[in-house]
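Data block below; observations after.
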Amino acid sequence: NAGVTQTPKFQVLKTGQSMTLQCAQDMNHNSMYWYRQDPGMGLRLIYYSASEGTTDKGEVPNGYNVSRLNKREFSLRLESAAPSQTSVYFCASRATGGWNQPQHFGDGTRLSIL
Amino acid sequence: AQTVTQSQPEMSVQEAETVTLSCTYDTSESDYYLFWYKQPPSRQMILVIRQEAYKQQNATENRFSVNFQKAAKSFSLKISDSQLGDAAMYFCAYMAGNTGTASKLTFGTGTRLQVTL
């Protein structure tokens, strides 16, 4: 049972480098999300895609771009990485169809920017 | 904007005892949903329990139950008969009920639960 798969699991970048975090889900979910988790801050929403073909900003979108490539895949891109973007990034997906459909999370990507 | 506050950064409980984790939230919405997620050291986010705001009855899932006080905007999690496997970060989360397909979650800052022998 794959669920939500994130790649890579770990990455170290230098300031100014670019990087794309990949996320794929095999549950035929319509909605997908990208969060970042920082110590003492909980999870904060970066971008989300309510359905294939749509994307919207979340709470902390600056410095990021996203692409909903198809129903399965939702990628997060850092065009010019900054040390402030050092964080653990989580992708999640959710089926449409009522409030009690939970978000399913990937295992996270730990990203360090030097 | 909605906010979720978890005022206990860390809690500790002895195995087999009961512990309550606190969560308060602020919203002007009348229709919303509340969740508790568990994050063990593996970093996975696992849904523990969920509550509809329009239901007065508190949700229960095996050893986990909530105390939902809508007027006070409080949503605490009670873990009974604590087990070593309950050790984790616990996050309270809020979802507005009128977001259509978006269904965005707002998380609190988390409570780290230690379980001791």
Side-chain angles (χ1 to χ4, degrees), chain A residues 1-6 8-10 23 29-61 68 71 87-111, chain B residues 1-10 21-25 29-55 59 61 64 88-112:
Chain A
N1 294 337
V4 179
T5 303
Q6 291 184 235
K9 295 193 184 305
F10 302 94
C23 175
H29 287 171
N30 287 318
S31 302
M32 297 186 73
Y33 310 81
W34 275 106
Y35 295 89
R36 60 178 289 173
Q37 182 179 22
D38 302 299
M41 297 289 290
L43 277 76
R44 292 181 293 168
L45 184 65
I46 305 171
Y47 270 93
Y48 65 99
S49 171
S51 61
E52 186 179 358
T54 69
T55 61
D56 284 287
K57 295 178 180 179
E59 182 185 351
V60 288
R68 184 75 184 265
K71 192 171 185 179
S87 188
V88 179
Y89 291 84
F90 286 93
C91 178
S93 71
R94 179 182 181 273
T96 307
W99 75 274
N100 60 352
Q101 295 291 338
Q103 290 191 15
H104 296 260
F105 287 81
D107 291 340
T109 295
R110 185 176 294 277
L111 183 61
Chain B
Q2 296 83 7
T3 58
V4 177
T5 302
Q6 293 180 250
S7 59
Q8 305 155 316
E10 290 191 14
L21 308 184
S22 301
C23 173
T24 59
Y25 58 94
E29 305 283 341
S30 58
D31 182 20
Y32 56 88
Y33 309 97
L34 298 163
F35 306 83
W36 278 98
Y37 278 86
K38 170 185 177 182
Q39 186 181 44
S42 65
R43 290 205 313 242
Q44 248 193 332
M45 292 289 287
I46 302 164
L47 178 65
V48 174
I49 198 166
R50 49 196 163 187
Q51 174 83 37
E52 303 140 280
Y54 62 84
K55 277 193 176 178
E61 289 285 345
F64 298 87
M89 281 289 285
Y90 286 82
F91 291 97
C92 180
Y94 166 99
M95 182 177 81
N98 61 350
T99 56
T101 57
S103 303
K104 297 177 288 182
L105 289 171
T106 300
F107 286 88
T109 53
T111 296
R112 183 173 302 282

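Naming convention: chains lettered A, B, ... in sequence-line order (proteins, then strands); numbering from 1 in each chain.
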Contacting region of A:D107 [heavy-atom separation from chain B under 4.5 Å]:
both
Restricting to non-hydrogen atoms, name the atom on B:K104 and the atom on A:Y33 that form the minimum distance, rounded to 0.1 Å.
CA-CE2, 4.4 Å
Over all heavy atoms of both residues, which pair between A:P102 and B:R50 is shortest? Give the atoms and the distance, please.
CD-NH1, 3.5 Å
For A:L43, is it the side chain, the backbone, both or neither that has a heavy atom under 4.5 Å from a heavy atom of chain B?
both
Side-chain heavy-atom pair A:Q103, B:F35 within 4.5 angstrom cut-off
no
What I'd like to find out is whether the side chain of A:Q37 reaches to under 4.5 Å of the side chain of B:Q39, using heavy atoms alone.
yes
Comparing B:M45, B:Q44, B:Q6, B:R112 against chain A, the one with the most heavy-atom pairs below 4.5 Å turns out to be B:M45
Proximity breakdown for A:R110 and chain B, heavy-atom pairs closer than 4.5 Å:
both
Beyond-backbone contact of A:Y35 with B:L105, side-chain heavy atoms, under 4.5 angstrom
yes
